[in-house]
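First the structure, in the form of structure tokens, and then the observations on it.
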Amino acid sequence: MKSKVMYLFTFAAFAIAQSLAAQSNLAQQDSATFDADGTAHVTRVVPLPATISPEAQKWLTSLGIAHAPRKSGPETLAERRAGTDVWRAQDSAEARKLYPVNVEETSIAGVRTDIITPIATPPIASAEANRARVLINLHGGGFNSDSGSLIEGVPIANLAKIKVVSVYYRLAPENPFPAAVDDVVAVYKELLKTYKPESIGIFGTSAGAILTGEVAVRLRQLGLPLPAALGIFSGLADFSRPSDSRQIFALNGFAGELEPTDPNHLPDDQYVGKTNRKDPVLSPLFADLRRMPPSLLVTSTRDLLLSDTATFHRALLRAGDDAQLVVFEALPHAFWYHFQLPETKEALELMANFFDEKLAR
């Protein structure tokens, strides 16, 4: 029997000082009814929480107010890439302004990369000690665009004082799975000629977080030594079924275009291509996860990949791995791209400290 979940949310951006009585009246609008097949029809009034920073409250309010319906018809790939290129350039410039680093464009194992090097500041001895350590960053962008290169790597390089290699892996639909995995594995194998595996970390956001888990599984299949640590920042490990949070949230949380998925009729996925969705590299949830590297997983309560990140964390724990999950309050997918938020500063420092702790010197 067809089973799906349909949600209707009213997002109310309330002033923090609003009276409890007024909120009580709003609560009376809440409702939930259920069909025989389990489909839920939900209406909720969701006050803006006082548990987040004023900057985050302002940003969430602006998302709801500024959101406008998309033009009729689906966005073309060219339009998507053009759009992400514009704000990626803007956010990358902001990242470099706030977190000064040196960036060198180069190629490793035939794959385009950026080498992001922290600027040496006192104590110089600490910077020298980090020369034997390196991080690989895998950008987000849905596997078909680049929404995160430099935005992700620059702050971590600056804060952790560790070199970051940002990998421009091949994109779908021109290059479906496992092309991106192969590119990252090639870069990793080349870095192994210079760095010890216990001094290497891999991390990414969204598509990059997914790819981080996939690469770790593939490295094990190839019999290669695993890196010292993984950073899985809002990702998933199962392409075979939609999660609960993906049925509730859009990319910007409550704001934005919501496209629920019928779990019985999964749409085509240009990254997956013709691969079996339960392939253990594509979907690491179906792999042997025992003895995976220590992992830090980060998400938030309005992240469309909240459920997926939490599910992967539980799988790692079941396998006996060292896995930490940090869930921020009320913020949407990849909020750490937005540098005006105190929560972003907290998240980035958390990520940098994790790698500083886990990577051998």
Side-chain angles (χ1 to χ4, degrees), residues 108-111 113 132-139 143 164-167 169-170 175-240 271-298 305 308-325 351 354-355 357-360:
I108 298 177
V111 181
T113 58
R133 312 163 96 190
V134 67
L135 295 169
I136 298 173
N137 170 238
L138 310 176
H139 66 76
F143 290 108
V164 173
V165 177
S166 183
V167 180
Y169 52 86
R170 284 173 289 171
N175 301 283
F177 176 89
V181 174
D182 292 343
D183 286 349
V184 181
V185 168
V187 172
Y188 181 80
K189 290 170 67 175
E190 189 67 25
L191 290 176
L192 282 176
K193 297 177 181 179
T194 306
Y195 298 91
K196 298 178 180 179
E198 58 266 28
S199 297
I200 303 175
I202 305 177
F203 74 99
T205 292
S206 193
I210 299 169
L211 188 53
T212 296
E214 294 176 336
V215 167
V217 172
R218 183 58 179 151
L219 293 175
R220 168 169 284 170
Q221 285 186 346
L222 294 171
L224 292 169
L226 296 181
L230 304 177
I232 298 168
F233 307 142
S234 185
L236 64 85
D238 183 2
F239 277 95
S240 71
Y271 175 66
V272 172
K274 298 183 182 302
T275 303
N276 185 325
R277 288 175 179 264
K278 292 187 178 181
D279 180 284
V281 177
L282 176 69
S283 296
L285 200 70
F286 301 100
D288 180 0
L289 296 174
R290 291 173 296 177
R291 297 179 299 281
M292 278 286 128
S295 301
L296 173 66
L297 299 92
V298 182
L305 296 185
D308 300 278
T309 306
T311 297
F312 193 25
H313 176 247
R314 288 170 48 223
L316 292 168
L317 292 181
R318 286 195 301 269
D321 298 322
D322 175 2
Q324 306 173 43
L325 172 64
M351 297 167 183
F354 170 77
F355 288 119
E357 175 188 337
K358 297 299 182 182
L359 268 61

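Keep in mind that the numbers below use all heavy atoms, side chains included, and drop hydrogens, waters and symmetry copies.
- Looking only at side-chain heavy atoms (C-beta outward), Leu285 and Thr311 come within less than 4.5 Å of each other.
- Closest approach of Tyr169 and Ala180 over heavy atoms only: CD1-CB, 3.5 Å.
- Nearest approach of Pro227 to Leu219, heavy atoms of both residues: CD-CD1, 3.9 Å.
- A distance of 5.5 Å separates OG1 in Thr205 from CE in Met351, rounded to the nearest 0.5 Å.
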* To do: Dump the intermediate steps for side-chain contact (heavy atoms from CB on, under 4.5 Å) on Ile200 and Tyr188, then the final yes or no.
  => CA-CA 9 Å; Ile200 303 175; Tyr188 181 80; 3.8 Å; yes
* Evaluate side-chain contact (heavy atoms from CB on, under 4.5 Å) for Arg170 paired with Asp182, printing each intermediate quantity in order. => CA-CA 9 Å; Arg170 284 173 289 171; Asp182 292 343; 4.1 Å; yes
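- The backbone N or O of Ala323 lies less than 3.5 Å from no partner atom in the side chain of Asp321, so there is not a single donor-acceptor pair.
- Using a cut-off of 4.0 Å between Lys/Arg side-chain N and Asp/Glu carboxylate O, Lys278 and Asp238 are scored as not salt-bridged.
- Side-chain atoms of Thr309 come within 3.5 Å of backbone atoms of Leu305 as a donor-acceptor pair (strictly under, hydrogens ignored).
- Glu214 contributes atom CD, which lies 12.0 Å from atom CD1 of Ile202 (distance to the nearest 0.5 angstrom).
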* To do: List the steps and the verdict of side-chain contact (heavy atoms from CB on, under 4.5 Å) for Ile136 and Val167.
  => CA-CA 7 Å; Ile136 298 173; Val167 180; 3.7 Å; yes
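- Around CZ of Arg277, the count of heavy atoms belonging to other residues, nucleotides or ligands within 6.0 Å exceeds 12.
- Annotation: side chain of Leu236 is not in contact with side chain of Phe312 (no heavy-atom distance under 4.5 Å).
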* To do: Evaluate the criterion side-chain contact (heavy atoms from CB on, under 4.5 Å) for residue pair Thr275 and Phe239; output intermediate values, then yes/no.
  => CA-CA 10 Å; Thr275 303; Phe239 277 95; over 6 Å; no
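- Annotation: the span from Leu192 atom CG to Glu190 atom CD amounts to 9.5 Å, rounded to 0.5 Å.
- Interatomic distance, Leu211 CG to Asp183 CG, rounded to the nearest 0.5 Å: 9.0 Å.
- In this structure, Gln221 and Val281 have side chains that are in contact, with non-hydrogen atoms separated by less than 4.5 Å.
- Aromatic ring pairs are classed by plane angle as parallel below 30°, tilted from 30° to 60° and perpendicular above 60°; the pair Phe177 and Tyr271 is perpendicular.
- The shortest non-hydrogen separation linking Arg220 to Arg291 is NH2-O, 3.0 Å.
- Taking CG of Asp322 as the reference point, atom CG of Leu296 lies at 10.0 Å (rounded to 0.5 Å).
- Smallest separation of non-hydrogen atoms from Ser240 and Ser283: N-OG, 4.4 Å.
- In this structure, Leu325 CG and Leu297 CG are separated by 6.0 Å, a value rounded to the nearest 0.5 Å.
- Put simply, the side chain of Val165 does not reach to within 4.5 Å of the side chain of Asn137, judged on heavy atoms.
- Residues Ala287 and Pro280 come closest through the heavy atom pair CB-O, 3.5 Å.
- Side-chain contact check for His313 versus Leu316: every heavy-atom pair is 4.5 Å or farther apart.
- Without hydrogens or angle criteria, Ser295 side chain to Pro293 main chain gives a donor-acceptor distance under 3.5 Å.
- Scanning all heavy atoms of the two residues, the minimum distance from Leu230 to Ala216 falls at CD1-CB, 3.8 Å.
- A tilted orientation is assigned to the rings of Phe355 and Phe203, their planes being inclined by 30° to 60°.
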